[in-house]
Asks: 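First the structure, then my questions, so here it is.
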Amino acid sequence: MHYTKVNIEQWNRKQHFLFYRQTVPCGFSLTTQLDITALQTELRNKGHKLYPAMIHLIAQVVNQYPESRMAIKDDELILWDQVNPAYTVFHPETETFSQLWTAYDSDWSAFLANYQYDQRLYKDNIDLMAKPNLPENHFCISMIPWVSFDGFNLNVANFTDYFPPIFTLGKYYQSSEKCLLPLSIQVHHATIDGFHMARIVNQLQIRCDNFHA
């Protein structure tokens with residue numbers, strides 16, 4: 001869990017950071033639709049599932065940009081060298097979910113092997129935190145595969161210093177000849193602006209279009 005401290009005094013977002021952390025602490029969310037037509041074709045040809053692929057693509061984008069890897073540690077703003085995805089899995093027998101996490105690897109094959117190992121080891125554990133030792137350097141992904149949505153928002157009480165972006169996926173659907181996947185992202189405005197949010201979405205779409213298993 002390596003990190004560097006952010007020198008706020010020399011940061012060009014110092015005023016924005018302090019304003020949205022102290023004066024008007026707030027977050028915002030955006031809901032969009034990803035075109036996963038090419039991604040689904042590639043996954044089906046190789047016999048892979050959508051969920052781990054999306055977790056990996058999202059983790060690639062999150063790790064690509066520093067604003068997605070910021071956190072408060074020991075009352076200081078830091079930048080993690082790398083962050084790991086924590087994600088939900090559903091238990092039909094209890095109608096509850098658990099949170100797992102998988103060590104991030106930029107290589108798809110290596111990450112998939114890690115993901116499959118975690119699934120085999122913890123898939124039958126119905127505890128909320130099924131895999132122990134959740135690292136500090138993590139961000140969250142969940143999926144609601146039973147319903148599509150045009151809007152989704154997490155109402156977080158006492159929204160203060162939680163800076164990692166939160167991703168929620170919905171049920172994909174066909175529209176004309178495209179396969180569309182609902183995606184909602186919630187962020188803290190102290191570290192992420194609309195420009196950064198758009199960059200995350202656009203880069204994720206590029207990776208969906210060019211995924212090779």
Side-chain angles (χ1 to χ4, degrees), residues 12-13 16-17 20-21 25-43 48-71 79-80 82-88 101-102 104-108 111 115 137-156 159 162-213:
N12 58 3
R13 288 197 75 259
H16 304 73
F17 175 75
Y20 288 116
R21 186 192 181 203
C26 68
F28 66 96
S29 62
L30 179 146
T31 302
T32 188
Q33 317 294 319
L34 291 175
D35 182 351
I36 60 168
T37 309
L39 174 63
Q40 278 288 67
T41 299
E42 177 72 7
L43 292 173
H48 295 313
K49 295 182 178 180
L50 176 65
Y51 194 34
M54 287 305 307
I55 292 172
H56 184 250
L57 292 177
I58 292 171
Q60 283 186 323
V61 174
V62 169
N63 277 284
Q64 183 175 353
Y65 298 116
E67 63 270 10
S68 303
R69 294 181 278 113
M70 290 183 171
L79 176 64
W80 294 113
Q82 179 176 292
V83 290
N84 305 289
Y87 50 91
T88 58
W101 63 274
T102 294
Y104 173 67
D105 195 301
S106 60
D107 179 76
W108 161 242
F111 177 81
Y115 172 88
N137 56 328
H138 75 274
F139 71 99
C140 293
I141 302 173
S142 62
M143 188 168 192
I144 309 173
W146 311 278
V147 63
S148 296
F149 52 75
D150 296 318
F152 183 94
N153 184 63
L154 289 171
N155 299 308
V156 183
F159 196 69
Y162 186 83
F163 294 153
I166 304 172
F167 297 82
T168 305
L169 305 169
K171 180 181 179 180
Y172 64 82
Y173 62 95
Q174 293 294 135
S175 178
S176 299
E177 297 181 356
K178 294 182 178 181
C179 184
L180 301 179
L181 177 69
L183 169 70
S184 177
I185 311 174
Q186 179 147 323
V187 299
H188 199 305
H189 209 346
T191 53
I192 294 181
D193 300 325
F195 167 81
H196 307 109
M197 176 78 89
R199 184 162 64 179
I200 289 173
V201 172
N202 293 334
Q203 183 58 224
L204 187 54
Q205 182 62 67
I206 291 172
R207 291 180 180 273
C208 287
D209 292 339
N210 296 279
F211 178 83
H212 297 290

Asks: What pair of heavy atoms forms the shortest contact from Thr31 to Asp150, and how long is it?
Replies: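 Reported closest heavy-atom pair: CG2-O, 3.3 Å.
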Asks: Does any pair with a residue in residues 33-42 pass salt bridge (charged side-chain N to carboxylate O under 4.0 Å, His left out), and if so which ones, sequence neighbours excluded?
Replies: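 Output for this query lists Glu42-Lys46.
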Asks: Is there any salt bridge (charged side-chain N to carboxylate O under 4.0 Å, His left out) pair reaching into residues 203-213, and which pairs are they, with sequence neighbours excluded?
Replies: none
Asks: Give me the atom names and distance for the closest heavy-atom approach of Leu181 to Gly170.
Replies: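 Closest approach of Leu181 to Gly170, heavy atoms only: CD1-O, 3.2 Å.
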Asks: For the side chain of Gln186 and the backbone of Leu154, is there at least one donor-acceptor N/O pair under 3.5 Å apart?
Replies: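 Flag set: sc Gln186 to bb Leu154 pair under 3.5 Å.
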Asks: Of all residues at least two apart in sequence or in a different chain, which pass the side-chain contact (heavy atoms from CB on, under 4.5 Å) check with Ser106?
Replies: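 Applying side-chain contact (heavy atoms from CB on, under 4.5 Å) to Ser106 gives Tyr104.
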Asks: Nearest 0.5 Å, what's the NE2-OG1 distance between His16 and Thr191?
Replies: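 His16 atom NE2 to Thr191 atom OG1 measures 12.5 Å (nearest 0.5 Å).
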Asks: Test side chain to side chain contact (heavy atoms under 4.5 Å, CB included) on Leu50 and Leu39 and set out the steps.
Replies: CA-CA 8 Å; Leu50 176 65; Leu39 174 63; 3.9 Å; yes
Asks: Using the rule given for side chain to side chain contact (heavy atoms under 4.5 Å, CB included), can you reason through Val83 versus Asn63, listing the C-alpha separation, both sets of side-chain angles and the distance that settles it, and then say yes or no?
Replies: CA-CA 6 Å; Val83 290; Asn63 277 284; 3.6 Å; yes
Asks: Does Phe28 have any ring pair (Phe, Tyr, Trp, His ring centres under 6.0 Å) partners at least two apart in sequence or in another chain, and if so, which?
Replies: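 So Phe28 forms a ring pair (Phe, Tyr, Trp, His ring centres under 6.0 Å) with His189.
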Asks: Assess the residue pair Met197 and Ile185 against the criterion (side chain to side chain contact (heavy atoms under 4.5 Å, CB included)); give the C-alpha distance rounded to whole Å, side-chain angles, the decisive distance to 0.1 Å, and a yes or no.
Replies: CA-CA 8 Å; Met197 176 78 89; Ile185 311 174; 3.7 Å; yes
Asks: Calculate, to the nearest 0.5 Å, the distance between atoms OH and CD1 belonging to Tyr173 and Ile36 respectively.
Replies: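 One gets 10.5 Å once the value is rounded to the nearest 0.5 Å.
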Asks: Could you list the residues that satisfy side-chain hydrogen bond (donor to acceptor under 3.5 Å, both in side chains) with Glu67, not counting sequence neighbours?
Replies: Arg199
Asks: For His196, which residues count as a side-chain hydrogen bond (donor to acceptor under 3.5 Å, both in side chains) partner, sequence neighbours excluded?
Replies: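 If we apply the side-chain hydrogen bond (donor to acceptor under 3.5 Å, both in side chains) test to His196, skipping adjacent residues, there are no hits.
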Asks: Identify, with sequence neighbours excluded, every residue that meets ring pair (Phe, Tyr, Trp, His ring centres under 6.0 Å) alongside Tyr51.
Replies: none
Asks: Apply the side chain to side chain contact (heavy atoms under 4.5 Å, CB included) test between Thr168 and each candidate in Ser142, Cys140, Ser29, Pro182; give the one that qualifies.
Replies: Ser142
Asks: Name all residues meeting the side-chain hydrogen bond (donor to acceptor under 3.5 Å, both in side chains) criterion together with Tyr162; count only those two or more places apart in sequence or in a different chain, and write none if there are none.
Replies: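 Counting only residues at least two positions away or on another chain, Tyr162 forms no side-chain hydrogen bond (donor to acceptor under 3.5 Å, both in side chains).
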Asks: Hey, could you give me the CE/OG1 distance between Met143 and Thr88, rounded to the nearest 0.5 Å?
Replies: 9.5 Å
Asks: Short question: side chain of Thr32, backbone of Leu183 - any donor-acceptor pair under 3.5 Å?
Replies: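 A pair under 3.5 Å: no.
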Asks: Check Phe139 against Pro164 and note the closest heavy-atom contact, atom names and distance.
Replies: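 Minimum heavy-atom contact is CB-CB, 3.9 Å.
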Asks: Which heavy-atom pair separates Ala71 from Trp80 by the least distance, and what is that distance?
Replies: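 So the two residues come closest at CB-NE1, 3.5 Å.
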Asks: Do any pairs count as a salt bridge (charged side-chain N to carboxylate O under 4.0 Å, His left out) and have a residue in residues 178-195, sequence neighbours left out, and if so which ones?
Replies: Arg13-Asp193
Asks: If I take atom CG from residue Asn210 and atom CG from residue Leu57, how far apart are they, to the nearest 0.5 angstrom?
Replies: 10.5 Å
Asks: Residues in side-chain hydrogen bond (donor to acceptor under 3.5 Å, both in side chains) with Asn155, at least two apart?
Replies: Asn153
Asks: The criterion is ring pair (Phe, Tyr, Trp, His ring centres under 6.0 Å); which residues satisfy it with Trp108, sequence neighbours excluded?
Replies: His48, His56, Phe211
Asks: If the condition is side-chain contact (heavy atoms from CB on, under 4.5 Å), which residues does Leu79 pass it with, not counting sequence neighbours?
Replies: Thr4, Val6, Pro66, Arg69, Met70
Asks: Identify the two heavy atoms, one from Gln203 and one from Tyr65, that lie closest to each other, and give their separation to 0.1 Å.
Replies: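 It is NE2-OH, 3.7 Å.
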Asks: For residues Leu204 and Leu34, report the shortest heavy-atom separation together with the two atoms involved.
Replies: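 That would be CD2-CD1, 3.6 Å.
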Asks: Report yes or no: does Asn84 contribute a side-chain atom to a donor-acceptor pair with the main-chain N or O of Asn137 at less than 3.5 Å?
Replies: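 Indeed, once roles are kept as given, a pair shorter than 3.5 Å links the two residues.
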